[in-house]
Amino acid sequence: MALTLDTYRLLGRSGLRVSPLALGTATFGTEWGWGAERAEARKLFDHYVELGGNLLDTADTYTDGSSERLLGEFAREERERLVLATKYSTLRRPGDPNSGGGHRKALFGSVEESLRRLATDYIDLLYLHVWDFRTPVEEILRGLDDLVRQGKVLYVAISNTPAWQVSRMQAIADLRGWSPLVALQLEYSLIERTAERDLIPMARELGLGVVPYSPLGGGVLSGKYSRDDVAGTSAGTGDSTRRNHNLTLGTLTERNLAVADVAREVAADLGRTPAQVALAWTLRNPGVATTLIGARTPAQLEENLGALEIEFTAAQMARLDAASAIELGQPHDLLASDNMRHVTTGGLRIETRR
């Protein structure tokens with residue numbers, strides 16, 4: 001059925017209600033050479049909130065702090081009805097190794113700065129932004145729990161972290177009575193489905209609401225790129241920097257453009273845009289709680305919000321799934337084989353209810 005921004009969903013194992021599309025605010029501010037000036041960012045914020053949107057996502061280092069400052073300014077009058085999510089662990093001061101990472105000093109320093117910039121007494125949802133492969137999980141979890149007990153943070157979450165570490169952390173939090181993780185932010189789209197191997201099933205099993213970012217695959221799924229961009233023969237546009245970035249990341253490939261072609265075909269069938277189809281596809285995954293959208297202009301935001309109205313037929317979903325399918329690899333492919341099913345169940349059909 002069609003959705004609206006006020007068709008709220010529960011975030012993971014928590015009772016927190018969030019909109020099915022979250023507004024990412026990394027575009028608030030122009031310090032990175034792109035993004036929205038203050039007046040334009042205010043229009044984005046106002047339009048999203050007026051339609052019932054309540055989840056706004058930022059980070060301590062987005063646009064060198066302008067994202068948090070602008071969000072705090074805009075949210076002041078609506079603070080209690082909004083869910084403000086921010087992150088910590090990326091380097092805040094060049095040359096200072098303790099200004100980044102998952103450890104306690106970085107955590108507390110980052111949160112205090114975020115509270116000042118957001119002009120608020122508490123953060124609704126705090127993510128560990130990037131796993132640093134150095135900090136003990138107990139230090140991270142205890143620090144997060146301390147902030148919850150102090151009332152400076154209400155819920156804790158994690159992003160860009162291996163599945164085995166997340167599952168270990170959730171088990172430790174449960175055993176010790178510390179605040180559990182309620183959300184997992186990760187890259188997920190029609191052209192990036194590797195999270196389906198372990199991260200998304202783990203999140204569903206352990207009660208973390210999945211929050212995809214980059215649902216348009218760096219713009220590839222919006223239909224803005226062609227085979228000429230892959231070959232490097234494009235004449236270049238104002239978006240050439242983004243194109244070069246996608247080429248460096250390996251996002252602009254023949255395979256991904258083929259997936260984008262199918263999204264375009266389904267969009268034509270529906271009278272919609274490819275970007276709306278790509279966004280709507282992520283929302284149909286039962287593990288996804290809310291999908292992050294980003295926009296630099298009100299027109300881009302309005303197009304993204306149109307994804308909520310899309311209702312796929314079974315045939316359309318099957319086309320999108322088939323075009324973007326990945327191999328799950330071991331042990332998943334082995335366990336899904338007819339031989340293994342016979343070994344474990346004797347060939348009997350067993351219905352799963354969860």
Side-chain angles (χ1 to χ4, degrees), residues 2-3 20-24 26-27 33-36 40 44 47-48 186-196 212-285 288 290-326:
L3 303 171
L21 290 178
L23 182 60
T27 57
W34 52 274
E40 202 78 344
L44 297 173
H47 187 56
Y48 175 77
L186 46 74
E187 184 174 357
Y188 184 56
S189 71
L190 275 167
I191 64 172
E192 178 46 77
R193 294 180 60 181
T194 54
E196 293 177 4
Y213 67 80
S214 196
L216 301 183
V220 173
L221 292 166
S222 69
K224 66 170 65 174
Y225 299 111
S226 69
R227 267 70 180 176
D228 289 339
D229 291 300
V230 175
T233 58
S234 172
T237 66
D239 195 47
S240 59
T241 300
R242 185 66 176 270
R243 180 196 63 189
N244 292 338
H245 181 64
N246 283 326
L247 284 169
T248 300
L249 291 177
T251 307
L252 266 177
T253 65
E254 284 289 342
R255 181 261 181 188
N256 290 350
L257 288 176
V259 175
D261 287 343
V262 176
R264 187 183 299 110
E265 293 165 6
V266 172
D269 292 343
L270 293 166
R272 295 288 183 171
T273 68
Q276 290 170 337
V277 165
L279 284 168
W281 178 86
T282 67
L283 291 173
R284 268 52 188 182
N285 186 306
V288 170
T290 179
T291 294
L292 277 170
I293 56 174
R296 292 195 294 271
T297 67
Q300 290 176 344
L301 176 59
E302 191 63 32
E303 178 185 0
N304 287 341
L305 295 179
L308 295 170
E309 302 168 0
I310 289 182
E311 297 184 64
F312 294 116
T313 66
Q316 288 166 342
M317 278 295 291
R319 286 174 64 190
L320 293 168
D321 288 342
S324 61
I326 61 168

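For the numbers below, each heavy atom of this structure counts, side chains included, while hydrogens, waters and symmetry mates do not.
Contact detail for Ala323 and Val259: the closest heavy-atom pair is O-CG2, 3.4 Å. Minimum interatomic distance between Thr290 and Pro212 (heavy atoms only, all atoms of both residues): O-CD, 3.1 Å. For Ile293 against Leu301, the heavy-atom pair with the smallest separation is CD1-CD1, 3.8 Å. The nearest pair of heavy atoms linking Leu283 to Leu308 is CD1-CD2, 4.0 Å. Between Ile326 and Thr194, the closest heavy-atom pair is CD1-CA, 3.5 Å. Between Ser214 and Gly218, the closest heavy-atom pair is OG-N, 3.4 Å.
The main-chain N or O of Glu303 is found under 3.5 Å from a side-chain atom of Gln276 such that the two form a donor-acceptor pair. A donor-acceptor pair under 3.5 Å links the side-chain atoms of Tyr48 to the main chain of Leu21, judged by distance alone. A donor-acceptor pair under 3.5 Å links the side-chain atoms of Arg255 to the main chain of Ile191, judged by distance alone. Between the Gln316 side chain and the Phe312 main chain, no donor and acceptor come within less than 3.5 Å of each other. Remark: the backbone N or O of Arg296 is not paired with any side-chain donor or acceptor of Thr27 at under 3.5 angstrom.
Put simply, OG1 on Thr297 and CG on Leu44 are 7.0 Å apart, with the number rounded to the nearest 0.5 Å. Rounding to the nearest 0.5 Å places CG of Leu292 at 10.0 Å from CG of Leu186. A distance of 14.0 Å separates OH in Tyr213 from OG1 in Thr282, rounded to the nearest 0.5 Å. The distance from atom CG of Leu270 to atom CD of Glu309, rounded to the nearest 0.5 Å, is 11.5 Å. Rounded to the nearest 0.5 angstrom, Tyr225 OH and Leu252 CG are separated by 6.0 Å.
Under the salt bridge (charged side-chain N to carboxylate O under 4.0 Å, His left out) criterion, the residue pairs touching residues 315-324 are Glu265-Arg319, Asp269-Arg319, with sequence neighbours excluded.
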### Task
In sequence, state the C-alpha distance, the side-chain angles, and the governing distance for Ile310 and Leu279, and then conclude on side chain to side chain contact (heavy atoms under 4.5 Å, CB included).
CA-CA 10 Å; Ile310 289 182; Leu279 284 168; over 6 Å; no
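Remark: Arg193 pairs with Glu196, Ser324 by the side chain to side chain donor-acceptor pair (under 3.5 Å) rule, at least two apart or across chains.
Defined by atom type and a distance below 3.5 Å, a donor-acceptor pair is present between the side-chain atoms of Tyr188 and Asn285. Between the side chains of Glu187 and Ser189, no donor-acceptor pair is found at a separation under 3.5 Å.
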